[in-house]
Protein chains: 2
Amino acid sequence: MASSYPKGLATRQRLIDSMLALIQLHGYHGTGLNTVLARSGAPKGSLYFHFPEGKTELGIAAVGLAGDQFAELIGSATTTASSPNAVVDALVAELKGILEASDYQAGCPVSSVALDAGSGNEPLREACGQVYDAWVSAVVSYLATFGLEKEQAQPVATSMICLVEGSLILSRAHKSTQPLDAAAGTLKMLMKAVHSEASA
Amino acid sequence: MASSYPKGLATRQRLIDSMLALIQLHGYHGTGLNTVLARSGAPKGSLYFHFPEGKTELGIAAVGLAGDQFAELIGSATTTASSPNAVVDALVAELKGILEASDYQAGCPVSSVALDAGSGNEPLREACGQVYDAWVSAVVSYLATFGLEKEQAQPVATSMICLVEGSLILSRAHKSTQPLDAAAGTLKMLMKAVHSEASA
DNA sequence: TGAATAATAGACCAGTCTATATATTTTATG
DNA sequence: CATAAAATATATAGACTGGTCTATTATTCA
C-alpha cells in the first residue's frame with residue numbers, strides 16, 4: 001500500500017516524474033533505473049521500498065501519470081472551448097507547446113511503453129490499454145455532448161486518439177509540427193462529420 | 001560498401017530480418033545484439049563486418065526494410081483494389097493478418113524505433129522520418145489518381161499514416177483489432193471526404 | 001520519550017550490454 | 001594454384017543492468 005507520509009510521498013512522486021520524463025526520451029527499456037535515481041535524487045533503497053515490484057511497477061505508475069496528464073488536457077479543452085474546432089485548436093496548441101519546448105522529445109510516453117514493453121510485460125501492456133480507454137472515453141463523452149450515440153462515437157473517438165498518438169510520433173521523427181498540424185485539420189474534419197451525423 | 005557475394009548477402013539479410021523481428025517485440029533498446037545473433041545464426045564478427053557502425057547501422061537497415069515492406073503493402077493495395085474503400089479493406093486485412101498471426105506483437109517497427117531512439121540518435125531518427133515520408137508519398141500518389149492536388153493531399157495522407165500507426169499501437173495495447181477496425185472506418189470516411197473534394 | 005514503522009543509503013551481485021581484436025576459414029578470380 | 005579480399009569465429013573488455021541486502025536514519029504517534 002502506498003505511503004501516506006509527506007516526505008515519502010514526495011520522493012515517490014519524484015521517482016515517477018523522473019521515470020516518465022526519461023521514458024519519453026529513451027523508451028522503457030532504454031531508461032535505466034540508475035538514471036531515474038540520478039534525476040530524481042532518490043536513493044536506490046527508496047526506489048524498491050516504494051516500488052517493490054521494481055521497474056515494472058514504476059513504469060506502470062509513470063504510464064498512469066501520463067494518462068492523467070493527457071486526460072486533464074482533453075478535459076480542459078473539451079470544457080473550456082466553445083466549438084469542436086476550438087477543442088481541436090486548444091488541444092493541438094498544448095501538444096505543440098510540449099513538442100516545441102522539448103525539441104520534439106516529449107509527448108508519447110504511453111505509446112513508447114506499449115511498443116517497448118507491451119509484448120513481454122502483461123501488467124505494463126494492460127496499464128497502457130487502460131490509459132487509452134480512459135482517453136477514448138473522455139472523447140466519447142465530449143462527442144455525446146452534441147448528441148452522438150455511444151456506439152457511433154466509440155470508433156471515431158478511438159480513431160482520434162490513434163491519430164493524435166500517431167501524429168506525435170511522426171512529428172518527432174520529422175522534428176516538425178507538420179504531422180500534428182495535419183492531424184489537427186483531419187480532427188476538425190472528423191468533428192464536422194460526426195457533428196453532421198449527430199444532427200441527422 | 002555492401003557486399004555483393006551471395007553467402008555474405010544472405011547472412012547480412014538474416015541479421016536485418018532478425019533485428020526487425022526483435023525490434024517489433026522489444027523496441028530498439030530492448031533488443032540486444034546477442035539475441036539478434038542467436039536468432040539469425042550469424043557470428044558476431046559478421047555483424048560488425050557487415051555493419052561497421054554497429055547497432056545503429058543495423059537499426060537503420062531494419063527500419064529501411066520495414067519501410068519497404070509497408071510501402072509494398074500500400075502499393076499493392078492501391079494498384080489492385082477497385083475503389084478507395086477496397087484499398088482500405090485490403091490494407092487493413094493485411095495488417096490484421098499480421099497482428100493476429102503475431103498475437104499483436106508485430107506491426108510497428110518504425111514507430112518503435114522513432115520513440116525509443118529518436119531523441120538521442122539522429123541517424124535513426126532521420127531514417128524513420130524518411131520511411132514515413134515514403135509512405136505519405138505513396139498515399140499522396142494514390143489520392144492524386146482521383147484528381148486531388150498534392151497540396152490538398154499531403155496533410156490528409158499524413159493523417160492517414162498517423163492514424164494507421166496509432167491504431168496499430170492501440171491494437172497492441174488492447175490485444176484486439178478493434179482500434180484498427182475503428183481506423184478502417186475513419187480511413188473510409190476520409191477517403192470519401194477527399195474524393196468529394198477532388199470532384200468539386 | 002520510546003517503540004514501531006517508514007524511509008533512506010549505498011555496497012554488492014550476476015548477468016547483459018556494445019564493441020574490439022585477432023586468428024582462421026571461405027570465397028572469388030586471374 | 002596462389003593471392004587478396006570477404007566473411008567467419010570467438011575470446012575479451014569495461015560499462016551498465018535490475019535487483020538484493022543490511023545497516024542506519026527519519027518519522028509518527030501514544
Side-chain angles (χ1 to χ4, degrees), chain A residues 1-20 22-23 25-63 112-113 116-117 120-124, chain B residues 1-20 22-23 25-63 112-113 116-117 120-124:
Chain A
M1 201 57 223
S3 165
S4 50
Y5 299 153
K7 195 160 175 217
L9 276 182
T11 300
R12 187 176 186 280
Q13 193 58 47
R14 283 199 324 275
L15 285 164
I16 299 171
D17 291 340
S18 297
M19 182 67 168
L20 179 53
L22 290 168
I23 278 175
L25 295 183
H26 308 299
Y28 178 81
H29 289 127
T31 295
L33 292 179
N34 287 333
T35 61
V36 175
L37 295 173
R39 189 184 158 110
S40 64
K44 187 168 263 190
S46 292
L47 190 152
Y48 287 96
F49 175 77
H50 290 291
F51 302 98
E53 305 303 322
K55 192 175 183 178
T56 293
E57 191 177 349
L58 180 56
I60 289 168
V63 165
S112 204
V113 172
D116 234 22
N121 187 322
E122 200 62 10
L124 269 171
Chain B
M1 200 58 222
S3 164
S4 51
Y5 299 155
K7 193 154 177 223
L9 276 181
T11 300
R12 187 177 186 280
Q13 194 57 45
R14 283 200 321 276
L15 284 165
I16 299 170
D17 291 340
S18 298
M19 181 67 166
L20 180 53
L22 290 169
I23 278 174
L25 295 183
H26 309 300
Y28 179 81
H29 287 128
T31 295
L33 292 180
N34 287 331
T35 59
V36 175
L37 295 173
R39 191 185 156 107
S40 63
K44 188 168 268 191
S46 291
L47 189 153
Y48 287 96
F49 175 77
H50 289 291
F51 303 98
E53 306 302 323
K55 189 175 183 178
T56 293
E57 191 177 347
L58 180 56
I60 289 167
V63 165
S112 204
V113 173
D116 235 24
N121 187 323
E122 200 62 8
L124 269 171

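Because only heavy atoms are used, hydrogens play no part in the values below, and waters and symmetry mates are left out as well, while side chains stay in. Letters A, B, ... are given to chains in the order of the sequence lines, protein chains preceding strands, and every chain is numbered from 1. None of the values given here were measured: they were computed from a predicted structure.
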Next item on the list: Under 4.0 Å between any heavy atoms, over every strand shown, what does Thr31(A) touch: base, sugar-phosphate, or nothing? Just pick one.
Entry: sugar-phosphate
Check: Heavy-atom distance under 4.5 Å between the side chains of Met19(A) and Ile23(A), does that happen here?
Finding: yes
Check: Starting at CG of Leu37(B) and ending at P of dA19(C), how long is that distance when rounded to a whole Å?
Finding: 12 Å
Margin query: Heavy atoms from C-beta onward define the side chain here; which of dA9(C), dT28(D), dA19(C) lies closest to that of Lys55(B)?
Written below: dA19(C)
Next item on the list: Would you mind telling me which residue lines up with the more 5' stretch of DNA chain C, Pro52(B) or Thr35(B), judged by nearest nucleotide?
Entry: Thr35(B)
Notebook entry, point to check: Which nucleotide sits closest to the side chain of Lys7(B): dA9(D), dT27(C), dT8(C)?
Noted result: dT27(C)
Check: Nearest 0.5 Å, what's the OG-CZ distance between Ser40(B) and Arg12(B)?
Finding: 13.0 Å
Check: Tell me: NE2 of His26(A) to P of dT17(D), nearest whole Å?
Finding: 10 Å
Notebook entry, point to check: If we fit an axis to the first five pairs and another to the last five of the helix from dT1(C)-dA30(D) to dG30(C)-dC1(D), what angle do they make, to the nearest 10°?
Noted result: 20°
Next item on the list: Go through dA11(C), dA11(D), dA9(C) for me and flag the one nearest to the Lys44(A) side chain.
Entry: dA11(C)
Item checked: Phe49(B), nearest nucleotide to its side chain (from dT27(D), dT28(D), dA7(D)) -> dA7(D)
Notebook entry, point to check: Between dA9(D), dT8(C), dA19(C), which nucleotide has the shortest distance from any of its atoms to the side chain of Tyr48(B)?
Noted result: dA19(C)
Check: Do side-chain atoms of Tyr28(A) reach the backbone of Thr56(A) as a donor and acceptor pair under 3.5 angstrom?
Finding: yes
Notebook entry, point to check: Are side-chain heavy atoms of Leu58(B) and Leu33(B) found at a separation under 4.5 Å?
Noted result: yes
Notebook entry, point to check: Does the Thr35(B) side chain pair with the main chain of Gly32(B), one donor and one acceptor, at a distance under 3.5 Å?
Noted result: yes
Check: Would a distance-only check, ignoring hydrogens and angles, find a side-chain to backbone donor-acceptor pair under 3.5 Å from His29(A) to Asp116(A)?
Finding: yes
Margin query: What is the distance, to the nearest angstrom, from the OH atom on Tyr28(B) to the C1' atom on dC17(C)?
Written below: 12 Å
Next item on the list: Write down the distance between CG (Leu9(A)) and C1' (dT8(C)), rounded to a whole number of angstrom.
Entry: 15 Å
Next item on the list: Find the distance Asn34(A):CG to dA9(C):C1' and express it as a whole number of Å.
Entry: 14 Å
Next item on the list: Could you state the atom-to-atom distance from CD of Glu57(A) to C1' of dG19(D) in whole Å?
Entry: 14 Å
Margin query: A side-chain contact here means heavy atoms from C-beta on lying under 4.5 Å apart; do Ile60(B) and Glu53(B) qualify?
Written below: no
Check: dT10(D) C1' sits how many Å from Leu47(B) CG, rounded?
Finding: 14 Å
Margin query: By the 4.0 Å heavy-atom rule, please label Gly32(A) as base, sugar-phosphate, or nothing.
Written below: sugar-phosphate
Check: Given side chains that start at C-beta, do those of Leu47(A) and Thr11(A) come closer than 4.5 Å, heavy atoms only?
Finding: no
Next item on the list: Select base, sugar-phosphate, or nothing to describe what Gly54(B) touches, counting heavy atoms under 4.0 Å on all strands.
Entry: sugar-phosphate
Next item on the list: Identify, between Leu33(A) and Arg14(B), the residue whose nearest nucleotide on DNA chain D lies closer to the 5' end.
Entry: Arg14(B)
Note to self: Any side-chain N or O of His50(A) below 4.0 angstrom from OP1/OP2 of dT8(C)?
What the structure shows: yes
Notebook entry, point to check: What's the CG-P distance between Leu15(B) and dA7(D), to the nearest Å?
Noted result: 12 Å
Notebook entry, point to check: With respect to the phosphate group of dT8(C), does any side-chain polar atom (N or O) of Thr11(A) fall under 4.0 Å of OP1 or OP2?
Noted result: yes
Next item on the list: Kindly point out which of dT8(C), dG18(D), dT8(D) is positioned nearest to the side chain of Ser46(B)?
Entry: dT8(D)
